[in-house]
Every structure is written in C-alpha cells, then in structure tokens.
There are 2 protein chains.
Amino acid sequence: MKVSSRGEYALRSLLLLGQHQGQILPISEIAEKTMVTVKYLEQIMHQLKKLGYVDSKRGMQGGYTLRFPPEEINVGEVIRKLEGPLSPMGCASVTSYERCSLEAGCLLKPLWVLVRDKIAEVLDQTTLEDLLQRKIKPDAGGSLLVKN
Amino acid sequence: MKVSSRGEYALRSLLLLGQHQGQILPISEIAEKTMVTVKYLEQIMHQLKKLGYVDSKRGMQGGYTLRFPPEEINVGEVIRKLEGPLSPMGCASVTSYERCSLEAGCLLKPLWVLVRDKIAEVLDQTTLEDLLQRKIKPDAGGSLLVKN
DNA sequence: TCTATACTCGACTAATCAAGTAAACATTTT
DNA sequence: AAAATGTTTACTTGATTAGTCGAGTATAGA
C-alpha cells in the first residue's frame, strides 16, 4: 500500500514552493531541501510542469514557482496524476474502475471499496494549504462492522 | 497505494478454504475458483503454510485446509505478513517504522500517519469471518467530492 | 555577444515484482 | 508399483520503479 518515491518527492517539492510563494526556487535549492538528487528531481519537476502544477523560468535567477495558490492544490489529485488511482484494487476504483471476472460474488470487493473510500476521504479533502498549516487532524477512530 | 496480487490471491484462497471448512481442497480446485494459475498459487500457498495460516496434506485426496477458524484470521495481519507494512510511507508505520532525516519538520508525515491509521482501522478490525458473512459496512464518511 | 546558470532530453543501469515454466522429488492412496 | 498430489528450487520474461549520466538548448544579465 505504498506511495511511490515520485509522489512523495513531488509533494515535498510542492510544499517547499508553497512555503516560498512569490519566490523562484532553483532546482538546486529544491533538491537540497527535499533530499533528492538534482537529476532525479529534474524529471519530477518536469512532470509537475506538464501537469500544470508549477511554472518554470529559465536562465539566471531561474527556477520553479507554484502555479496556483496552495489551497487550490489537492493532494489526492496530485497523487492520482503522478501514480494512478488511490484504490488498492482496480475493481474498487471510482476514477478508473477495472472489471474483474470474479466480481459477482466477490467477498473481498466490499473491503477494498471501504479502504479506497477511507483513503480518498483523507487525500481528496486535503490541500497543500492544509499541510502547510499543519491542519491534519489525528484519526478519530470508530467501529466499522455491522452489528447484528 | 495498491495491494499486490499475492495479497489478493492469498485472501481469495483463504476465503475459499473458509467456505469449505472441514474439507481438504486440492490446489487445482483453489486455482480454478480463484482464477490463479496452479503454479503461481503453489508459491502463494507455500507461503501461507510457512506463515501458519493453512495446513497441507500430500498425496491423493491431499490439499489445503484452514488452520484456524475464520474469526481468528485477521485481514490486516495477513496483508502485513505477505507484503509488509500497511503504511504508505515507512516514517508513518507503526509495525515497522523507518527513520527519515527530514522528519523533524516534515509537513507530510501527519498525512501519512492519518492515512495509515484509516487503512489499519479497517483492515485490523476485519477477520476472515467478517468477510465470509459480508459484514463490511459501507463508508459513513463525510461528503467526499469525487475527482477524476 | 558572451557566458553562467538553469532547464530539457534521451539513454542507460539496477532492483523489484508479477506471472509463469520446468524439473526433480517426496508422500500417500489404490 | 502406479497414480495423484504436494514440495522445493531454479530459471525466464516483461513491466515498473528508482535512479544516474551526459550532452544539449534556452535565457537573463553583464
């Protein structure tokens, strides 16, 4: 159930840019602060640019900036665009459902749907701004099983 | 955030054995019903045996049985044993925490911790018996906007 | 225009995972 | 003994992920 390194590094970079709004950060500085090699980060920043999350400026004093204010950048969306659906199984995905021949009587699908919903609930309701403001609430918990 | 095919197939097999308690199912039948090739399933069943979830019997009328009643088999535990921690990032794992040098001021960790807790909450509270009885409750969750 | 700095592109290596193949071997039942 | 079944080990192929490397292009500023 891992998030890929690309997803993690991309979010790190977006957060750093969010902490320096109005400034242009060169990739060398982003690399240093996020602990990612310049060369690997180049690929990730390029991807973020193609996805429209950042703008870049070339030449001296060049670098990257956030294209939208942090409150408009949704974490679930970033992760989906970088590494595909949040769902643990294709059959439970809302955004890119995959049919499965077992599905009719599948005892597992309701579980994966529930897990997907829990993950999506967190990530789709979180923006970059929430992270910057440390607004993530610890888990409340609760019972999950039907009583009978 | 995927569950591996091994995890899915292992759970399918355990569920099938749970539906046929008291019977010995040959691998050929398990393979057919779970839609997994016999050869790949052999590897998975071997792993499940080493982990203590199933017993095997050789020779004719041989096959696999569940070693414990379904209510004693915890889904979170099965997945952890087959594919490692539930947490999306090592830094947020309870069962196998990994240190990260950025951790001190990390804005991302609280998010990963929350996601981990949500996943663990579902999977650690679910047993094979819950799945067999279709006791999984759909998500109550707030208004989650569906992105694409 | 020169040039330092930054971004772009493509090739390449290495590791891991999924899925399947193959073959030799051990038991158990008939 | 023969047939059926599981056990074990090792190899293969393809996809994806995680990086690395080197050379090239664009641009701001002196």
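Here is how names work: the chains are called A, B, and so on, in the same order as the sequence lines, proteins then strands, and each is numbered from 1. Atom set for the values below is all heavy atoms of this structure, side chains included, hydrogens, waters and symmetry mates excluded.
The side chain of B:T37 places an N or O atom within less than 4.0 Å of a non-bridging phosphate oxygen (OP1 or OP2) of C:dG20. When the side-chain nitrogen and oxygen atoms of A:S5 are compared with OP1 and OP2 of D:dA18, one or more of them lie within a distance under 4.0 Å. Distances shown here put a side-chain N or O of B:K49 below 4.0 Å from the OP1 or OP2 atom of D:dT7. Of the side-chain N and O atoms in B:H46, one or more sit less than 4.0 angstrom from OP1 or OP2 of D:dT8. For A:K57, no side-chain nitrogen or oxygen approaches OP1 or OP2 of C:dT5 to under 4.0 Å. Distances shown here put every side-chain N or O of A:S56 at or beyond 4.0 Å from the OP1 or OP2 atom of C:dA6.
No donor-acceptor distance shorter than 3.5 angstrom exists from the side chain of B:D55 to the backbone of B:R67, with no hydrogens or angles considered. Side chain of A:Q21 to backbone of A:G18: a donor-acceptor contact under 3.5 angstrom is found. Under the 3.5 Å distance criterion, the side-chain polar atoms of A:S87 are left unmatched by any main-chain donor or acceptor of A:G90.
Taken residue by residue, residues 19-32 of chain A places no heavy atom nearer than 4.0 Å to DNA chain D.
Salt bridge absent: B:R6 and B:E83 never bring a charged side-chain N and a carboxylate O closer than 4.0 Å. Between B:E77 and B:R80, none of the side-chain N atoms (NZ, or NE/NH1/NH2) sits under 4.0 Å from a carboxylate O, so this pair counts as no salt bridge.
Between B:L114 and A:P138, the shortest heavy-atom distance links the atoms CD1-C, 4.1 Å. Residues B:L17 and B:T65 share a closest heavy-atom pair of CD1-C, 4.1 Å.
In the set D:dA18, C:dA19, D:dG6, C:dA19 carries the atom at the smallest distance from any side-chain atom of B:Y40. Ranking C:dT8, D:dT7, D:dG29 by closeness to the A:Y64 side chain, first place goes to C:dT8.
Taking atom CE of residue B:M45 and atom P of nucleotide D:dT7, one finds them 9 Å apart after rounding to whole Å. Atom CD1 in B:I44 sits about 9 Å away from atom P in C:dA18, given to the nearest Å. In this structure, CE of B:M35 is placed 17 Å from C1' of C:dA18, rounded to the nearest angstrom. Distance CD (A:Q47) to C1' (C:dT8): 14 Å, rounded to an integer number of Å. Rounded to an integer number of Å, the gap from CD of A:Q61 to P of C:dT3 is 19 Å. Straight-line distance from the CD atom of B:E8 to the C1' atom of C:dC17: 16 Å, rounded to whole Å. Atom NZ in B:K2 sits about 19 Å away from atom P in D:dA15, given to the nearest Å. The distance from atom CZ of A:R6 to atom C1' of D:dT20 is 13 Å, rounded to the nearest whole Å.
When each of B:T127, B:L131, B:T126 is paired with B:E129, the side-chain contact (heavy atoms from CB on, under 4.5 Å) condition holds for B:T127 and for no other.
Residues B:M60 and A:E83 each lie close to DNA chain D; by heavy-atom proximity, the contact nearer the 5' end of the strand is made by B:M60. A residue-by-residue look at B:K39 and A:E42 shows that B:K39 has its nearest nucleotide of DNA chain D further toward the 5' end.
Counting distance only, with no hydrogens placed and no angle test, the side-chain atoms of B:Q43 and the base atoms of C:dG20 include a donor-acceptor pair under 3.5 Å.
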